[in-house]
Amino acid sequence: MAEEPFDVVVIGAGPGGYVAAIRAAQLGLKTALVEKRETLGGTCLNVGCIPSKALLQSSHLFEEANHTFADHGIKSGKMTVDVAAMMKRKDSVVGDTVKGIDFLMNKNKITVVTGTGTITAADEVSVAAGKGKKKQVLKTENIIIASGSDVAPLPGVDIDEKQIVSSTGALTLSKVPKTMVVIGAGVIGLEMGSVWRRLGAKVTVVEFLDCVFPGMDGEISKQAQRIFGKQGIEFKLSTKVTGAKKTKDGVTLSMESVDGKSKETMQADVVLVAIGRRPYIEGLGLDKVGVEVTDRGFVKVDGDYQTNVPGIFAIGDTIGGAMLAHKAEEEGYVCAELIAGQSGHIDYNAIPGVVYTWPEVAGVGKTEEQLKEDGVEYKVGKFPFSANARARANNDTDGFVKILSDKTTDRILGVHIIGPEAGDLIQEAVVAMEFGASAEDLARTSHGHPGLSEAVKEAALGAYDKALHI
Ligand code: FAD
Ligand code: NAD
């Protein structure tokens, strides 16, 4: 291509990459986006956030219809599931969403190049020739690596996406397995485990550590295990899977307790491996241009997303930290601004995490365990949804809101919620924390009645002084 060079070439069209491209174009930079998938949107839109939430919603409705409609006086026969129709709806949600990204690229006059991008020099990205396509060489002032992440494999448990699946296979099963073993009690394990349990599978979750959602606030993690257990998920904690044998009828998993004292085998129709994700940097040619990576394969960047090679930046899952779509988006936005000579900043302490099970689980800021470890003196305010009028009216009373605030200054340090719509409720805590609010600020903010968010107000009242309605 003898064209004028680009100002920015972004490699990877996930939430990090496509947002970086939009922001760069908005700021007047000539921008190209290289993506090896046929569709834009990355892991999140194609095989992550969006399809999983579509299936979570469908399976939630099925569970409500079968188990809670009767409590509301709504009677119907036993509901059945048409898995093919459910998958078709999910695929059409994904299809429409990825088409939306095409629209945004056109609107912002971003050049989209399909193919695997390799950095051939600090100012050059080559895009491999594909079926019927010529190799392209894109000259550019800046490169943003946004190549995302991939499933972390488990030695001895080989993923075939049929009997032993990753999240990608778990999003496309053609029928409800009678039994499913999920390896890993993290976000994917409990979201996808919930989907298939609701649809009728007997789900067992095997976790190496002694709790579900390790890293979350301890009380929330305990409550989550209790609620999911009540819903029918069985947990085998402090257990490691040592091997898997595929047979005609399913998979036989070998397991042993972490202390090595007991061993057992377990049979399952389908095994889901969900033990985390690792950075994806294959094919980028990083060693050739000398971009440094950590010993775990993450691209090394400084506080401005700059790698050790001037003009090459990296964002999103590929640089580590919370592997979340909205974290990647924030980084894409700020990285483009920094390249354009503006200033930008992310408060990583105010990035929320949400698990879209039912009840939902959400948190932002410090956990109680982290505050203890840091030697911070704190106050706790807690309010259960069982005392919230809207939750009672909705018949959705599992869970609570927990607010942690500084004992001296009253500043909010962390908010953790398990309960209905926790993923949306957490957002007011995020805004409060971004503005450096105190528990009293939140407690004295009027909340519409009857609303689930009143539980947040009450927890803030509890942290600052005393809750009213308990
Ligand atoms: P990605 O979305 O992984 O995008 C990277 C893109 O780069 C990919 O499309 C890839 O094909 C492309 N690429 C890689 N190498 C090259 C190359 N050399 N040339 C060209 N293209 C290349 N996060 C949330 O916040 N909320 C959720 O609800 C949520 N649900 C999830 C559910 C599942 C099942 C999974 C697996 C993940 C989920 N995540 C969720 C995590 C979220 O998907 C990721 O954090 C997010 O996609 C990271 O964005 P990214 O832009 O860094 O990378
Ligand atoms: P995760 O890190 O959330 O959970 C992995 C779990 O597997 C942990 O509990 C870990 O202790 C356990 N584990 C690790 N090795 C094990 C082993 N050998 N045997 C048994 N257990 C083992 O990872 P995930 O659930 O795979 O999700 C991957 C990433 O995708 C996460 O970083 C998450 O942020 C992102 N994601 C986010 C959402 C969301 O935001 N709603 C949804 C899905 C995925």
Side-chain angles (χ1 to χ4, degrees), residues 10-20 33-53 55-56 113-119 125 127-128 144-152 154-157 166-168 170-171 182-193 205-216 221 236-242 255 258 272-286 314-329 331-332 351-357 360-362 423:
V10 183
I11 305 177
Y18 83 72
V19 167
L33 180 65
V34 181
E35 170 56 55
K36 67 189 177 80
R37 266 197 181 88
E38 285 301 318
T39 50
L40 303 181
T43 304
C44 180
L45 274 63
N46 289 282
V47 290
C49 325
I50 303 307
S52 60
K53 268 76 252 178
L55 291 183
L56 277 156
V113 183
T114 307
T116 299
T118 303
I119 305 175
V125 174
V127 184
I144 302 178
I145 301 167
S147 52
S149 64
D150 199 3
V151 180
L154 180 58
V157 187
S166 69
S167 51
T168 305
L171 289 166
V182 176
I183 309 176
V187 193
I188 292 180
L190 283 155
E191 284 189 353
M192 293 315 299
V205 176
V206 182
E207 165 63 45
F208 185 80
L209 297 176
D210 62 358
C211 62
V212 309
F213 298 142
M216 268 191 201
S221 148
K236 282 186 183 294
L237 303 181
S238 306
T239 303
K240 61 178 176 195
V241 173
T242 50
M255 298 181 270
V258 169
L272 164 60
V273 180
I275 60 162
R277 293 178 63 83
R278 60 179 183 183
Y280 183 82
I281 53 170
E282 261 172 59
L284 286 172
L286 298 187
I315 55 166
D317 279 10
T318 195
I319 64 166
M323 286 185 160
L324 296 172
H326 45 284
K327 177 258 190 194
E329 285 186 32
E331 290 176 345
I351 293 196
V354 180
V355 191
Y356 295 88
T357 46
E360 292 180 347
V361 185

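For this chain, numbers begin at 1 and follow the sequence in order. In listed order, ligands and their atoms are each counted from 1. Owing to the predicted nature of the structure, the values given are computational and were not obtained by experimental measurement.
- By the criterion of a heavy-atom distance under 4.0 Å, the backbone of Val47, and not its side chain, is placed next to ligand 1.
- Both the backbone and the side chain of Cys44 come within contact range of ligand 1, each with a heavy atom under 4.0 Å.
- Looking at ligand 1, you'll find an N or O of Thr43 within less than 3.5 Å of one of its N or O atoms.
- Residues Val182 and Met192 form no side-chain contact, since every pair of their non-hydrogen atoms from C-beta on lies 4.5 Å or further apart.
- For atom 42 (C) of ligand 2, the closest non-hydrogen atom of the protein is Val187 CG1, 3.2 Å.
- Shortest contact from atom 51 (O) of ligand 1 to any protein heavy atom: Gly16 N, 2.9 Å.
- Considering backbone and side-chain atoms alike, Ile183 places every N or O at 3.5 Å or more from each N or O of ligand 2.
- At a 4.0 Å heavy-atom cut-off, ligand 2 touches Leu324 through the side chain alone.
- Residue His326 has at least one nitrogen or oxygen atom sitting less than 3.5 Å from a nitrogen or oxygen atom of ligand 1, judged on distance alone.
- Looking only at protein heavy atoms, the nearest one to atom 4 (O) of ligand 1 is Gly14 CA, 3.4 Å.
- Counting heavy atoms closer than 4.0 Å to ligand 1, residue Lys327 contributes nothing at all.
- Looking from atom 34 (O) of ligand 2 to the surrounding protein, the closest heavy atom is Met323 O, 3.1 Å.
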Set out, in order, the CA-CA distance, both residues' side-chain angles and the distance that settles side chain to side chain contact (heavy atoms under 4.5 Å, CB included) for Val273 and Ser166, then state yes or no. CA-CA 5 Å; Val273 180; Ser166 69; 5.8 Å; no
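- Contacts with ligand 1 closer than 4.0 Å are made by side-chain heavy atoms of Leu284 only, the backbone lying farther away.
- Considering backbone and side-chain N/O atoms, Val355 never comes within less than 3.5 Å of an N/O atom of ligand 2.
- Here the protein heavy atom with the shortest distance to atom 26 (O) of ligand 2 is Gly276 N, 2.9 Å.
- With a 4.0 Å heavy-atom cut-off, ligand 2 is reached by the backbone of Val354 but not by any atom from C-beta on.
- Nearest protein heavy-atom neighbour of atom 24 (C) of ligand 1: Ala325 N, 3.5 Å.
- Contact annotation: for Pro15 versus ligand 1, heavy atoms closer than 4.0 Å belong to both the backbone and the side chain.
- Where the criterion is an N or O separation shorter than 3.5 Å, residue side chain and backbone included, Leu209 fails it with respect to ligand 2.
- Heavy atoms of Ile11 found under 4.0 angstrom from ligand 1 belong exclusively to the side chain.
- Shown in contact with Ser149 at under 4.0 Å from a heavy atom are these atoms of ligand 1, numbered in order with element: 3 (O).
- Atom 11 (O) of ligand 2 has as its closest protein heavy atom Glu207 OE2, 2.6 Å.
- Residues Arg277 and Val151 meet the side-chain proximity criterion, which asks for heavy atoms closer than 4.5 Å.
- By the 4.0 Å heavy-atom criterion, Met192 is excluded from the residues contacting ligand 1.
- Here the heavy atom of the protein found nearest to atom 25 (O) of ligand 2 is Ile188 N, 2.8 Å.
- Contacts of Lys53 with ligand 1, taken as heavy-atom pairs under 4.0 Å, involve the side chain alone.
- Listed by number with element, the atoms of ligand 1 under 4.0 Å from a non-hydrogen atom of Gly148 are 1 (P), 3 (O), 5 (C), 52 (O), 53 (O).
- Between Glu191 and ligand 1, no pair of N/O atoms sits closer than 3.5 Å.
- Nearest non-hydrogen protein atom to atom 7 (O) of ligand 1 is Gly12 CA, 3.1 Å.
- Among protein heavy atoms, the minimum distance from atom 7 (O) of ligand 2 is reached at Gly184 CA, 3.3 Å.
- Within the structure, ligand 2 has Arg277 among the residues with a heavy atom less than 4.0 angstrom away.
- Of all the heavy atoms of Pro51, none lies under 4.0 Å from any atom of ligand 1, so neither backbone nor side chain is involved.
- Scanning the protein heavy atoms around atom 40 (C) of ligand 1, the nearest turns out to be Cys49 SG, 3.3 Å.
- Annotation: Ile188 places no N or O atom under 3.5 Å from an N or O atom of ligand 1; distance criterion only.
- Put simply, part of Gly115 is less than 4.0 Å from ligand 1, judged by heavy atoms.
- Counting protein heavy atoms only, atom 22 (C) of ligand 2 is closest to Ile275 CG2, 3.6 Å.
- The side-chain heavy atoms of Val47 and Arg37, taken from C-beta on, include a pair separated by under 4.5 Å.
- Checked by distance only, ligand 1 and Met323 come closer than 3.5 Å through their nitrogen or oxygen atoms.
- Taking atom 44 (C) of ligand 1 as the reference point, the nearest protein heavy-atom neighbour is Asp317 OD2, 3.4 Å.
- Tested against Ile145, the residues Leu286, Ile315, Ile281 include a single side-chain contact (heavy atoms from CB on, under 4.5 Å) partner, Leu286.
- Residue Pro214 has no nitrogen or oxygen atom sitting less than 3.5 Å from a nitrogen or oxygen atom of ligand 2, judged on distance alone.
- Of the protein's non-hydrogen atoms, Gly117 O, 3.0 Å is the one closest to atom 18 (N) of ligand 1.
- Residue Arg37 has at least one nitrogen or oxygen atom sitting less than 3.5 Å from a nitrogen or oxygen atom of ligand 1, judged on distance alone.
- You'll find the side chain of Ile183 reaches within 4.5 Å of the side chain of Val157, heavy atoms only.
- You'll find the side chain of Cys211 stays beyond 4.5 Å of the side chain of Met216, heavy atoms only.
- In terms of polar-atom proximity, defined here as any N/O pair under 3.5 Å, Glu191 does make such a contact with ligand 2.
- Of the protein's non-hydrogen atoms, the one nearest atom 12 (C) of ligand 1 is Glu35 OE1, 3.2 Å.
- Atoms NZ and CD1, on Lys327 and Ile319 in that order, are 4.5 Å from each other to the nearest 0.5 Å.
- Scanning the protein for heavy atoms near atom 21 (N) of ligand 2, the closest one is Phe208 N, 3.2 Å.
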